Undergrad: 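Mind having a look at this structure? Questions to follow.
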Amino acid sequence: MSEHSTYTPGTAVEKWLDDRLPVIRFAKEHLMDFPTPKNLNYWWTFGAILVMCLGVQIVTGVILAMHYTPHVDLAFNAVEHIRRDVNGGRIIQATHAVGASMFFVALYIHMFRGLFYGSYKAPREIIWILGVLIFILTVATAFMGYILPWGQMSFWGATVISNIFSAIPVVGENIKQLVLGGFAVGNPTLNRFFSLHYLLPFVIAAIVGLHIWALHVPGNNNPIGVEVKESRDTVPFHPYYTMKDLFAMVLFMIPFAWFVFFAPDILGHPDNYIMANSQVTPAHIVPEWYLLPFYTILRAIDFNVLFIDSKLGGVIAMGGALVMLLIVPWLDTSKVRSGTFRPLFKWFFALFAINFVALTYLGAQPAEGIYTVLAKVCTAYYFLYFLVILPVLSRIETPKPLPTSISESVLGKAHA
Amino acid sequence: MATQAEHSSTNRRDFLYVATGAVGAVGAAAVVWPLINQLNPDASTLALASIEFDVSAIPEGQSVTIMWRGLPVFVRHRTTAEIEEARAVPLSDLKDPETDAQRIKEGHDQWLVMIANCTHLGCIPVGEAGDFDGWFCPCHGSHYDSAGRIRRGPAPKNLVVPPYEFVSDTLIQIG
């Protein structure tokens, strides 16, 4: 779809520019005239919403860095200084902190949309893989950002997570010291995390560029999963989807703004308003909500498997839960993309979504009693879904008949 | 089909090509290493690697937490009952078998010196708590006994005894 061109330079200046650096041609082809399936629903607006989220985080983050001091003695007060003294700092800091949560809301919806509509299937595997890389980098960036206010949860979250490295056999302790720049979380750790927290969003932005580039080769998937066959299956991106995306962004900003203005701390943890103290551990360490599903998987492995002890086992499971996403395009071999036409898949997918919410809930509960049992069950289903259910369903399921084209499905709906 | 002569000249070029590449790779690695090594603990961090501490102020049955290399360290003045309890435990009951004697300095049986980070994920256990009259880690529920040995819970190892020695009867040097 990228080969045909719709741009004719209108003036001599445009012609001159087009012969040297065809940016206007590029923008017209990819941001305005790009043929987009005409049946995309609102789940498809989260890509644009995520671009907005990244923009919000970068703009507010660059501003916060102007007022912040990455030093163990000053960092905690610097954040309070931003919230109390800096002009508008109260709102800008809250936007950045709430923005991280909203970013993950949009990320998870975007990923679940891809999983339901089979957007990872050929020829879109690379788009999916780049997306998983963006997700992992975003997790790392958010984690390092949470260290910067230097509260109790910042410090102990960093301690617990950096101890994950010490689970690696033989070289684990050395890697941990290399990461922390000391024997425990301290000033060198805070400095390097600040540096990387500033860098990684730009790396993410670059991969987002590749993600969209890869998207513009085959074009969008769509809710019925049938490829575009003719031009009447599509509408130009502008104004149809620019406006739809903008409208969705406005809707998305309503809860975002509510949190920023009325409950900026509700998603955080009160312990993070106590300055970091390396001699006192909070009674109950919890990561930010968006990391809870993976934290549950880490904790669920509390038993030894052969020569792998429980600590290393937990780390492998948590890492595996993320890395496994990379091979999803080859685990689900069903030719039908959209879950709408897969009668069995639908139910397992719904259960997977509920299971993911349950993993989130369990991560916030103490690791005892019924919670540890449920954590094991939910972790098992997470892995079974990808490693067993998807490959088996691909073989045994009889999908419903597909519409022959996007236009047929749209018009059929109108008649019904 | 290539002749023998062509083969040998190609091989010579291949050799130079690979040799140049290899030298280049070694050079690149030599440049990259300092960029990674700067992440390792710096001289000011390592300078704190050895400290002295006077234990005489700690009454029996109490502990203090001191800092060594940025890590908290428990120094506990154990009661006779605690020592006896630790000695009575058969090694077969232990997940990470160590006798009480291996965890203290001979002749200083009442002093227990340990890094205060749980060997699971590094939280600080609470003293005089848990089911074995030792320490209890609230993060993920590890119980340690009165010799700091892991008895129950997810932690894989006993609380770590740092390298230390008694410089005099009351002065210890850690590190």
Side-chain angles (χ1 to χ4, degrees), chain A residues 72 152 155-167 172-189 191-193 195-196 277-286 295 298-304 308-315 366-369 371-372, chain B residues 33-51 63-75 95-96 115-127 129 131 135-143 150 152-157 160 162-163 174-175:
Chain A
V72 290
Q152 274 288 68
F155 182 91
W156 288 101
T159 298
V160 166
I161 298 300
S162 59
N163 265 289
I164 283 177
F165 289 102
S166 70
E173 195 57 36
N174 291 328
I175 291 178
K176 186 184 138 191
Q177 287 180 14
L178 185 78
V179 170
L180 297 182
F183 305 99
V185 175
N187 201 50
T189 322
N191 269 288
R192 64 190 55 187
F193 279 13
S195 171
L196 292 174
N277 180 347
S278 63
Q279 302 207 13
V280 181
T281 304
H284 186 46
I285 296 181
V286 244
Y295 188 60
L298 170 76
R299 293 197 304 184
I301 312 298
D302 57 1
F303 46 88
N304 298 347
I308 300 169
D309 69 23
S310 54
K311 185 170 160 184
L312 181 58
V315 173
E368 58 196 30
Y371 297 125
T372 55
Chain B
W33 172 242
L35 300 180
I36 293 171
N37 188 39
Q38 55 80 24
L39 289 169
N40 271 316
D42 60 30
S44 71
T45 305
L46 295 171
L48 302 170
S50 177
I51 57 160
S63 337
V64 295
T65 308
I66 57 175
M67 296 303 286
W68 171 64
R69 304 202 308 192
L71 297 168
V73 173
F74 288 142
V75 181
K95 191 173 177 181
D96 179 18
I115 292 175
N117 294 106
C118 180
T119 57
H120 182 225
L121 291 173
C123 299
I124 298 187
V126 181
D131 295 348
W135 286 263
F136 171 70
C137 181
C139 291
H140 305 100
S142 294
H143 297 256
I150 179 66
R152 180 145 42 84
K157 298 278 178 200
V160 175
I174 305 178

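Per chain, numbering begins at 1; letters A, B, ... match sequence-line order. Everything quoted here is computed from the prediction, not taken from an experiment.
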Undergrad: Given heavy-atom pairs under 4.5 angstrom as the criterion, report whether the side chain, backbone, both or neither of A:V280 touches chain B.
TA: backbone
Undergrad: For the residue pair A:P282 and A:W156, what are the closest heavy atoms and their distance?
TA: CD-CD1, 3.3 Å
Undergrad: Picking from B:I124, B:T45, B:T65, which has the most non-hydrogen pairs under 4.5 angstrom with chain A?
TA: B:I124
Undergrad: For B:P138, is it the side chain, the backbone, both or neither that has a heavy atom under 4.5 Å from a heavy atom of chain A?
TA: both
Undergrad: For chain A, which of B:N40, B:N37, B:I36 has the most heavy-atom pairs under 4.5 Å?
TA: B:N40
Undergrad: With a 4.5 Å limit on heavy-atom distance, are the side chains of B:I174 and B:I66 in contact?
TA: yes
Undergrad: Would you mind telling me which of A:I164, A:V185, A:L178 has the largest number of heavy-atom pairs within less than 4.5 Å of chain B?
TA: A:L178
Undergrad: Specify the closest pair of heavy atoms between B:W135 and B:P125, including all atoms of both residues, with the distance to one decimal.
TA: CB-CB, 3.8 Å
Undergrad: Is the distance between the ring centroids of B:W68 and A:F183 less than 6.0 Å?
TA: no
Undergrad: Compare every heavy atom of A:S278 with every heavy atom of B:M67, then report the nearest pair and how far apart it is.
TA: CE-OG, 3.2 Å
Undergrad: Answer with side chain, backbone, both or neither: which region of B:S44 has an atom nearer than 4.5 Å to a non-hydrogen atom of chain A?
TA: neither
